[in-house]
Amino acid sequence: MTPDGALYLGLDSSTQSLSAVVLESSGGRHRVVCELSLPFDQTLRHYGTRHGVLPNADPAVAQASPVMWVEALDLLFSRLAEHKLDLGRLTAISGSAQQHGSVYLNDAAARGLETLHPGRALPPQVVPLLSRPVAPIWLDSSTRAECREIETAVGGADVLAQHTGSRAFERFTGPQIRRFARREPAAYAATDRIHLVSSFLASVLVGGHAPVDPCDGSGMNLLDLATLSWWPPAVDATAPDLRAKLPALAPSTAIAGRLSPYWRARYRLPSAKVAVWSGDNPSSLIGLGLVREGQLGVSLGTSDTVFGPMRAPRVDAGGKGHVFGAPTGEFMGITVFSNGSLARERVRDSYGLTWEGFSRALDATPPGNGGGLMLPWFVPEITPVVAAPGVRRQGLDEHDAAANVRAVVEAQMTALSLHSRWMGVAVDVIHVTGGAAANRQILQVLADVFGADVRCLEVGNAAALGAALRALHADRLDDRDPLTWDAVVDGLEQRTPDRIQPIHAHHAVYVAQRERYGEFERRALG
Ligand code: XUL
């Protein structure tokens, strides 16, 4: 039985920062008692990153430094130690990390991780364990040829998607590994283990190679969703001798180990459990309280994302969405759009509006916008794939500010609905997060387009919170005193859900508009 006052730490190593959320659990309820964030560019300037990415002459290449991530981890524990928290009560830790990125370790790593010296800083101890000094990350788009080669070798994009949940994507780990093996064969041969960012950081915490969980593992184009094991045809198609270099697999509800002596001695920490780490999207699913099919998450940030639990791994025949494992043991579908807040800001700025003015424009215009439509492709789009950006209008006067505001919002909410239909989920509630979630008028359009209730959750960092909740869940499971996922997410005290209900007459307008929008999109794509 976990004592009252147990602390659970959730970490999130994202593209731009390392964040932490500490939960205190008492009497079946838990509350956030500490939140911290270290932005890489500002905190660890000596790596010279911009938005967490190392400069590179090739715009298609996006890499970061694994050593920067471990230095951030060390710094974060030192900052935590300065807080007025009784870290003697730290019971379990878990983590979330940007998906798809990979870290390449040599055969000295297992021993090196086990014997990290607590009196010395981490970076110089980790550098000799790497067979590749840099880690390719999810923003990389340099592996187009490798994607096609892998798809061809396994029998086509559809076959790969049916098994792994996605056709080959440039940012996914398999194509990245193939490119490395081809361009740097000697360094690839010297690689003993290829970790995801999540399993790498878990390894540093436990002092040995930690497993990959099937949720983050399904962002690799290597894992068979039906068996939750590595899929031999994809592994063989990716790179020579790859199977031996892949980590073990274990559910994200399992315990990977205990905090290693390095952390215990350096920061006077107890032998806390370390639950298997996962990807940021699966962790956010839990942080947003999405634990059953019918609930949908919408993140309105730099990019807009729609995701939600699925009982079965139904794959997108259109090839745009992804199926990942979910921490609950089921699955999740996700579709990512690159024209998120940027498109909203472009419209706001081009008509000289403030956000209040933007909201007033939504209030002043009718649902359906009198038939006016916009395709909001201000930058290259992922969903649908639009390489040459450009805004298209239909029945919409470019000089009518209010109509253009409504058009961009309706277009985005309609695209979220249209391109998540492949998940085959009957949506009853949407949990929304991200900067634009503060705008009630946008949320009303979202509720009306989907015909579903919208709840706006004040969760701060959903991925780090999700990791902390997963640590709690894994700890109780390990103690043979399991909590249901509903109890885990409903036990959180500080949620202040604001519920917006759909207006049924508006929903009817949007059902018809979705067809017209889809038709406009198809025509624009030729
Ligand atoms: C998902 C994806 C991003 C990263 C961001 O497929 O590429 O959401 O996980 O951290």
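For ligands, and for the atoms within them, numbers begin at 1 and follow the listed sequence.
Atom numbering of ligand 1 starts at 1 in the shown order; those under 4.0 Å from a heavy atom of Gln99 are 4 (C), 9 (O). Each of the following atoms of ligand 1 lies closer than 4.0 Å to a heavy atom of His100: 1 (C), 2 (C), 6 (O), 7 (O). Within ligand 1, counting atoms from 1 as listed, the ones closer than 4.0 Å to a heavy atom of Arg171 are 1 (C), 2 (C), 6 (O), 7 (O). Remark: ligand 1 atoms within the under-4.0 Å shell around heavy atoms of Gln98 are 10 (O).
Side-chain contact of Arg470 with Ser278: a donor-acceptor pair under 3.5 Å is absent, judged by distance alone. Counted by atom type alone, Trp422 and Thr335 present one or more donor-acceptor pairs between their side chains at under 3.5 Å. Checked by atom type, the side-chain pair Gln98/Asp280 shows no donor-acceptor distance below 3.5 Å.
Between Ser199 and Val212, the closest heavy-atom pair is OG-CG2, 3.5 Å.
Heavy atoms of Asn281 found under 4.0 angstrom from ligand 1 belong exclusively to the side chain.
Looking at Glu381, its side chain never comes within 3.5 Å of a backbone N or O of Val386 through a donor-acceptor pair.
Residue, atom and distance of the protein heavy atom nearest to atom 10 (O) of ligand 1 are Asp280 OD2, 2.4 Å.
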